[in-house]
Amino acid sequence: MNIRYPDFKKQETELYDKIRELSEEFDRLNKAGRDTTDAFQRLGAILEEFLLFRRQESKKKKRCQSE
């Protein structure tokens, strides 16, 4: 088993939780007819962070497989 796996899963779970939290906040604000700009920007930022995280892990995995 990859030694980094527990750290990867922990960070992945934290990102999923933050995405879920911001999505729910956005939905609540939207349903209430309130300004969603801030929530939308924060959600976009965390989604970008998640995408970069997955790309980095993918590159690490490919490097390990080729060694």
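Listed by chain and number, the residues in a salt bridge (charged side-chain N to carboxylate O under 4.0 Å, His left out) with Lys10 are Glu14 (sequence neighbours excluded). Arg42 pairs by the side chain to side chain donor-acceptor pair (under 3.5 Å) definition with Glu25, Asp38, not counting sequence neighbours. Qualifying side chain to side chain donor-acceptor pair (under 3.5 Å) partners for Arg34, counting only residues two or more places apart in sequence or in other chains: none. Partners of Leu47 according to the side-chain contact (heavy atoms from CB on, under 4.5 Å) rule, which considers only residues two or more places apart in sequence or in another chain, are Ile19, Leu43. Residues meeting the side chain to side chain donor-acceptor pair (under 3.5 Å) test with Glu49, sequence neighbours left out: none. With sequence neighbours left out, Thr13 forms a side chain to side chain donor-acceptor pair (under 3.5 Å) with no residue at all.
Atoms CZ and NZ, on Phe26 and Lys31 in that order, are 11.5 Å from each other to the nearest 0.5 Å. Distance OG1/Thr36 to CG/Asp27: 10.0 Å, rounded to 0.5 Å. Here the straight-line distance linking atom CG of Asp35 with atom CG of Asn30 works out to 10.5 Å at 0.5 Å rounding. Atom CG of residue Asp7 and atom CD of residue Glu12 lie 12.5 Å apart, to the nearest 0.5 angstrom.
Taken together through direct or relayed side-chain contacts under 4.5 Å among Ile, Leu, Val, Met, Phe, Trp and Tyr, Leu51 and Leu15 form parts of separate hydrophobic clusters.
In this structure, Lys18 pairs ionically with Glu21, as a charged nitrogen and a carboxylate oxygen lie closer than 4.0 Å.
Relative ring orientation between Phe53 and Phe8 is described as parallel, the plane-to-plane angle staying below 30° on a 0-90° scale split at 30° and 60°.
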